[in-house]
**Student:** 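Got a structure for you, questions after.
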Amino acid sequence: MNDLLVRDVRPVPLGRAGETSPVDILIRDRTVVAVGVGLARPSGVAELAGEGRWAMPGLWDQHVHMVQWALVRSRLDLSSAQSVEEALEIVRRGLTGAPGLSRADASQTPLVGFGHRSASWLRRATPADLDEVSPDRPVVLVSGDAHHGWLNTAAMRLLDVPWRDGLVVENEWFDAYDRLGDLPGAASQAEAAAVDAVREARQRGVVGVVDLEFSPSWDRWPSRLAATGPFRVRTGVYAGRLPDVIARGWRTGDPLPGTDHWATMGPLKIISDGSLNTRTAWCCEPYADGATLAQPLGRANFGEAELTDLVATAHQHGLETALHAIGDRAVAQALAVFARTGASGSIEHAQLLPAGGLAQWAALPVRASVQPAHLLDDRGVTEQCWPDRTARAFALGSLREHGIPIVLGSDAPVAPLDPWLAMAVAVCRAPEGGEPWHPELSLTPREALAASVDGRTLAVGQPGDLVLLDADPLAGGDPAVQAKVLRTMTVSATVVGGHLVAE
């Protein structure tokens with residue numbers, strides 16, 4: 001179904017409060033061509049009965065690692081572990097519950113887990129701990145922030161990682177994780193899981209994602225879209241494969257071959273510093289427990305000259321940059337690099353804002369691409385590691401006050417690919433039933449919704465992407481009630497370019 005007339009829907013006013021009387025929306029050739037009351041249905045155009053439901057532009061997740069998110073559901077869940085010992089017990093149960101493997105198969109079939117957050121554990125995790133539980137079968141435990149891996153000795157051998165008595169972190173870990181996808185059977189498992197993940201996302205009203213997977217996903221999306229049907233994707237590229245994209249002449253926004261224009265080239269992705277949970281986010285002042293750290297300020301993954309050169313090269317070849325910066329020093333460096341190069345794009349995460357510099361940011365063509373649901377996991381660690389800086393953490397309200405464009409995402413699998421959860425946390429800054437944390441830094445429901453639709457509206461000339469909702473997403477009183485409305489929202493239909501893809 002490509003051309004579609006959607007009858008009797010009430011547009012959600014994402015700007016200032018506006019008219020919400022029922023209208024019809026006509027989509028032809030993937031584009032909204034008419035909005036009005038009692039529109040005539042052209043011959044051959046299908047019709048969808050809105051029955052007075054609320055309608056808004058399709059939702060986007062601006063930061064996803066699609067394959068990693070897709071595979072999480074088949075991986076051992078370590079998110080409940082509060083200590084090394086609890087994590088080891090989960091691994092022990094995972095090994096016991098696994099199907100029998102021959103010795104040869106076991107050496108090539110790792111047990112992969114995801115979700116542990118070790119920053120608050122009383123002692124550090126070591127390979128020896130895992131070796132005691134699993135001396136032969138490789139065990140790869142991906143941290144909940146995805147910035148380190150806890151591997152046993154067998155896993156280090158399998159992934160060609162030099163042995164060390166500690167965690168594998170940052171760039172070395174990213175390279176090792178990429179090799180995990182090269183193991184026998186991994187690619188087919190990942191592709192099947194990615195197709196399922198797209199279908200699940202559309203059920204939540206998601207019409208598009210920015211896919212920042214490490215692998216060259218532009219080669220994967222043609223077959224995925226052939227299996228799933230319409231879905232919008234922007235694919236990122238990392239520094240190691242930037243020459244390949246430049247050689248192909250692809251610029252940000254260019255359609256990718258074999259995707260019927262559903263997928264386009266996205267930004268250069270650079271991870272300039274680490275994360276809070278791994279305590280590698282690069283800060284202006286030491287962590288509160290910095291005396292126990294080899295690098296009390298965290299760390300930069302790139303020198304400033306190298307970072308500037310990468311961003312300038314991408315800009316010269318028509319590519320935006322998505323620059324990961326979590327610590328305040330990393331954010332300040334990112335702003336300096338964008339200003340120096342004249343490049344456009346986004347700062348990803350911006351978890352700890354610098355004490356100054358937001359006025360400079362507001363003058364740059366740079367979005368804040370943020371993931372509010374990270375607050376649910378990082379609130380306690382923030383209070384532990386950055387107790388004197390909590391008023392600058394996840395400071396969405398500060399970004400808004402300076403007029404900095406905000407777009408929301410999940411960083412799935414770090415948080416679920418669920419825009420309703422992201423919006424709810426942006427509004428209430430608390431888990432369900434919890435006490436709001438720095439509520440002065442929240443967004444309104446209207447602001448959160450507007451930050452989740454890729455800047456689009458239900459107007460003539462806009463893409464024919466929309467979702468029908470069973471309730472008014474702007475309803476409710478105090479932020480806790482508003483957040484509950486968002487968390488429990490049900491989507492009755494998702495339309496991508498005039499195609500009904502979920503109902």
Side-chain angles (χ1 to χ4, degrees), residues 65 67-99 106 109-156 158-159 161 164-170 172-174 176-181 183 186 189-190 193 197 214 274-280 371 373-382 384-385 410-418 421 431:
H65 302 272
V67 166
Q68 294 182 57
W69 165 243
L71 290 173
V72 157
R73 287 166 291 185
S74 65
R75 289 178 170 169
L76 190 65
D77 183 3
L78 274 291
S79 61
S80 65
Q82 299 297 308
S83 66
V84 170
E85 290 70 25
E86 288 186 14
L88 293 174
E89 180 56 32
I90 293 171
V91 171
R92 189 176 289 110
R93 292 198 301 267
L95 291 165
T96 302
T109 307
L111 175 69
V112 182
F114 177 84
H116 67 277
R117 293 179 178 273
S118 55
S120 60
W121 292 357
L122 295 180
R123 72 176 182 90
R124 69 186 184 93
T126 68
D129 294 315
L130 289 177
D131 286 345
E132 186 173 337
V133 175
S134 181
D136 298 317
R137 186 178 178 188
V139 177
V140 179
L141 304 183
V142 184
S143 65
D145 61 8
H147 276 255
H148 76 251
W150 179 13
L151 281 60
N152 66 353
T153 300
M156 291 187 201
L158 180 66
L159 298 180
V161 174
R164 83 284 316 283
D165 187 26
L167 304 175
V168 185
V169 303
E170 300 304 331
E172 187 180 14
W173 163 241
F174 301 144
Y177 182 88
D178 211 18
R179 291 193 287 275
L180 192 64
L183 297 178
Q189 180 190 13
F214 291 115
S275 73
L276 172 58
N277 176 63
T278 301
R279 287 182 291 182
T280 46
Q371 301 77 38
H374 289 191
L375 178 153
L376 301 177
D377 295 311
D378 281 358
R379 175 175 176 171
V381 183
T382 302
Q384 172 188 324
C385 295
S410 65
D411 196 14
V414 180
L417 202 171
D418 182 355
L421 174 63

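We number each residue from 1, following the sequence as shown.
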**Student:** If you round to the nearest 0.5 Å, how far is OH of Y177 from NE2 of H148?
**Tutor:**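 Here the interatomic distance stands at 14.0 Å.
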
**Student:** Between R92 and E132, is the salt bridge (charged side-chain N to carboxylate O under 4.0 Å, His left out) condition met? List the steps.
**Tutor:** CA-CA 10 Å; R92 189 176 289 110; E132 186 173 337; 5.9 Å; no

**Student:** Any idea which heavy atoms bring G166 and P127 closest together, and the distance?
**Tutor:**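 Shortest heavy-atom separation between G166 and P127 comes out as N-CD, 3.4 Å.
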
**Student:** Can you check side-chain hydrogen bond (donor to acceptor under 3.5 Å, both in side chains) on E170 and T280, steps first, answer last?
**Tutor:** CA-CA 8 Å; E170 300 304 331; T280 46; 2.5 Å; yes

**Student:** If I take atom CG from residue L183 and atom OG1 from residue T109, how far apart are they, to the nearest 0.5 angstrom?
**Tutor:**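 L183 atom CG to T109 atom OG1 measures 8.5 Å (nearest 0.5 Å).
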
**Student:** Which atom pair, heavy atoms only, marks the closest approach of G181 to A186?
**Tutor:**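 Minimum heavy-atom separation between G181 and A186: O-CB, 3.5 Å.
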
**Student:** Does atom CD (E89) have a neighbourhood of more than 12 heavy atoms from anything else shown, all under 6.0 Å?
**Tutor:**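 Result for CD/E89: enclosed.
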
**Student:** Hey, does the side chain of S74 reach the backbone of L71 with a donor-acceptor pair shorter than 3.5 angstrom?
**Tutor:**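 Yes; at least one donor-acceptor contact below 3.5 Å.
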
**Student:** Between D145 and R117, does any side-chain N to carboxylate O distance fall below 4.0 Å?
**Tutor:**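 Salt bridge flag = no for R117 with D145.
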
**Student:** Take S275 and N277 through the test side-chain hydrogen bond (donor to acceptor under 3.5 Å, both in side chains) and record every step on the way to the result.
**Tutor:** CA-CA 6 Å; S275 73; N277 176 63; 5.5 Å; no

**Student:** To the closest 0.5 Å, what do you measure between CD (Q82) and OG (S120)?
**Tutor:**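 Rounded to the nearest 0.5 Å, the CD-OG separation comes to 6.0 Å.
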
**Student:** Side chain of R179, backbone of L159: donor and acceptor closer than 3.5 Å?
**Tutor:**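 It does hold such a pair.
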
**Student:** Under the rule for side-chain hydrogen bond (donor to acceptor under 3.5 Å, both in side chains), what residues qualify as partners of H374, not counting sequence neighbours?
**Tutor:**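 Applying side-chain hydrogen bond (donor to acceptor under 3.5 Å, both in side chains) to H374 gives none.
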
**Student:** Judged by atom type as modelled, is there a donor-acceptor pair below 3.5 Å linking the side chain of N152 to the main-chain atoms of V139?
**Tutor:**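 Yes; judged by distance alone, with no hydrogens or angles, the pair exists.
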
**Student:** Once you round to the nearest 0.5 Å, how far does CG of L417 lie from CG of D411?
**Tutor:**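 Those atoms lie 10.5 Å apart.
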
**Student:** Any ion pair linking E85 and R123 (charged N to carboxylate O, less than 4.0 Å)?
**Tutor:**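 Yes, R123 and E85 are salt-bridged.
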
**Student:** For the CG atom of L76 and the NE2 atom of H116, what is their distance to the nearest 0.5 Å?
**Tutor:**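 It comes to 11.5 Å.
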
